[in-house]
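Read the structure below first, then the notes.
All values below were derived from every heavy atom in this structure, side-chain atoms included, with hydrogens, water molecules and symmetry-related copies excluded. Atoms within each ligand, like the ligands themselves, are counted from 1 in listed order. Treat the numbers as computed from the prediction; the structure is a model and nothing was measured.
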Amino acid sequence: MKNIPHDYYLRFLDGSVHDEVLDFHNKGNFTFHKSLENRTVLHFLDEKHLAQLTGNELVLYPDMNLTTGIDFLDEAPKSKLCRNESCEFFLSSGLKFSEVGSLIFPLLSRNGESYKRGYPSGGALYPVEVFICSLTDDNSQWPGAGKILHLLPKTKRFELLQVEHDVEKIKSAVLASPNNIGSPSLAIIYVVYMPKNLFKYRYRGYRMALMEVGSIYMLVELQAKSLGLACRLWSAYTDSMVCKVLGLNPALFFPMCVHFIGRKHEVN
Ligand SMILES: Cc1cc2nc3c(=O)[nH]c(=O)nc-3n(C[C@H](O)[C@H](O)[C@H](O)COP(=O)(O)O)c2cc1C
């Protein structure tokens, strides 16, 4: 049985590890809901202090001049591997289905026989599942028009989620917080399936899964740039609302991050 059903992992999961990781993870949850507007705050910092505290590099000895220049930078070839800055405002536009395929291409297995993928995974667990939702109704080229796609990186196929795809519901889940980012075309949702993540390395699995999400989204950022697409990562959503639109159990599937993809104005 090579393609095991996903709940088979539950047999090998230590319930107490799962409970503790779930408790910790839930402390990082945001609840975006009208009823809580103006009732909850994250901090009481003013703009001045926020500006002072963010965007910094951490100098360990700020009062001692213990730095040295990176002299060879001028001679270094301009690297093609630099990502673009995050998109501030997406224009309303659909993506061709072929562009979706190109975008996720770097994540796929290179060799059909190998379990390996375009990104590394601690212990070859591959606990991160990638879901792709169109945020426009203009997606007639999609297979199973309008379905949410679940990436199968080894077989290089998309599984069609058996849930209703209602663009407005998806948007209200992933864009629940007040925002001014325009209209992204796609939401890629990086979800960790915890039974697959914790059975082998226990608590340390959680750490490795987060790093795996980072390496996946960086590949997507670089590929998006090469395709002329714009991106913005997003964490301002409520996990349970995102799981609900994907039809996933929020105690087992943790949506770690959303990646918006679309187009923006060209700056000449
Ligand atoms: C994991 C992650 C989550 C993020 N979540 C949000 C978010 O919820 N809202 C937002 O406006 N930007 C979000 N960002 C974008 C950051 O604000 C942005 O990367 C940072 O300001 C640096 O700017 P740059 O990406 O243009 O270099 C997120 C970035 C990361 C890596």
Side-chain angles (χ1 to χ4, degrees), residues 24-33 36-37 40-43 45 47-58 78-92 103-104 106-107 119-121 127-133 135 170-192 194 197 206-243 245-246 250 253-267:
F24 174 73
H25 179 77
N26 283 341
K27 289 184 206 290
N29 235 330
F30 288 160
T31 304
F32 292 101
H33 193 271
L36 297 174
E37 255 173 24
T40 50
V41 280
L42 266 183
H43 58 73
L45 292 168
E47 290 300 322
K48 189 175 133 239
H49 283 103
L50 267 183
Q52 187 191 36
L53 295 169
T54 59
N56 284 330
E57 60 181 6
L58 188 72
K78 294 286 167 268
S79 171
K80 291 195 171 126
L81 280 182
C82 297
R83 65 183 265 272
N84 280 337
E85 288 183 11
S86 299
C87 179
E88 299 284 342
F89 192 85
F90 291 94
L91 298 177
S92 162
L103 186 66
I104 53 83
L107 310 184
Y119 51 91
S121 179
V128 182
E129 301 299 327
V130 176
F131 295 90
I132 304 171
C133 315
L135 297 182
I170 296 174
K171 278 194 191 165
S172 68
V174 294
L175 281 166
S177 59
N179 69 80
N180 185 23
I181 62 159
S183 308
S185 315
L186 285 188
I188 305 181
I189 307 177
Y190 304 112
V191 178
V192 174
M194 296 317 284
N197 178 224
Y206 186 72
R207 181 196 301 207
M208 293 198 283
L210 294 175
M211 289 190 278
E212 189 165 318
V213 171
S215 68
I216 296 174
Y217 71 55
M218 201 61 203
L219 281 176
V220 172
E221 289 264 313
L222 294 174
Q223 185 74 339
K225 180 185 174 186
S226 77
L227 296 169
L229 299 173
C231 309
R232 182 168 205 100
L233 285 153
W234 197 255
S235 55
Y237 55 83
T238 301
D239 288 21
S240 51
M241 286 173 69
V242 170
C243 283
V245 292
L246 296 177
F253 290 88
F254 296 0
M256 296 296 191
C257 202
V258 173
H259 209 169
F260 291 125
I261 312 288
R263 298 188 207 280
K264 64 171 190 173
H265 276 298
E266 285 306 317
V267 182

Practice item. Verify the contact flag for atom 22 (C) of ligand 1, where contact means a protein heavy atom under 4.0 Å away. Key: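 When distances to the protein are checked, atom 22 (C) of ligand 1 has no heavy atom within 4.0 Å.
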Check your understanding: Quick one: does atom 9 (N) of ligand 1 have a protein heavy atom under 4.0 Å from it?
Key ->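 Given the 4.0 Å cut-off, atom 9 (N) of ligand 1 counts as touching protein heavy atoms.
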Point to revise | Polar proximity ligand 1 side, S86 side, N/O cut 3.5 Å exclusive | key: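 Yes: some nitrogen or oxygen of S86 is under 3.5 Å from one in ligand 1.
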**Study point:** Atoms in ligand 1 flagged as close to E85, the criterion being non-hydrogen separation under 4.0 Å
**Key:** 26 (O)
**Study point:** Enumerated ligand 1 atoms positioned under 4.0 Å from heavy atoms of A236
**Key:** 8 (O)
Practice item. Counting heavy atoms only, name the option from S177, G214, C257, S235 that's nearest to atom 7 (C) of ligand 1. Key: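 When every heavy atom of S177, G214, C257, S235 is considered, S235 comes closest to atom 7 (C) of ligand 1.
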Check your understanding: Which distance, rounded to the nearest 0.5 Å, do you find between the CG of L135 and the OG of S185?
Key -> 7.5 Å
Check your understanding: In Å, rounded to the nearest 0.5 Å, how long is the span from OG of S235 to NE2 of H259?
Key -> 12.0 Å
For [atom], what is the nearest protein heavy atom, given as residue, atom name and distance?
atom	value
atom 13 (C) of ligand 1	L233 O, 3.1 Å
atom 31 (C) of ligand 1	Y217 OH, 3.4 Å
atom 17 (O) of ligand 1	R232 NH2, 3.8 Å

Point to revise | Any T238 side-chain heavy atom under 4.5 Å of H33 side chain | key: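 SC-SC contact between T238 and H33 ruled out.
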Please check: side-chain N/O of [X] versus main-chain N/O of [Y], any donor-acceptor pairing under 3.5 Å?
X	Y	result
Y237	C257	yes
N29	K27	no
R232	F260	no
N56	Q52	yes

Point to revise | Minimum heavy-atom distance between Y190 and V128, given as atom pair plus value | key: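 For Y190 and V128, the tightest heavy-atom pair comes out as CB-CG1, 4.3 Å.
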Review point. Looking only at heavy atoms of R83, does any of them come nearer than 4.0 Å to an atom of ligand 1?
Key: yes
Check your understanding: Do any heavy atoms of Y237 fall under 4.0 Å from ligand 1?
Key ->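 Checking ligand 1 against Y237, which is what was asked, there is no heavy-atom contact under 4.0 Å.
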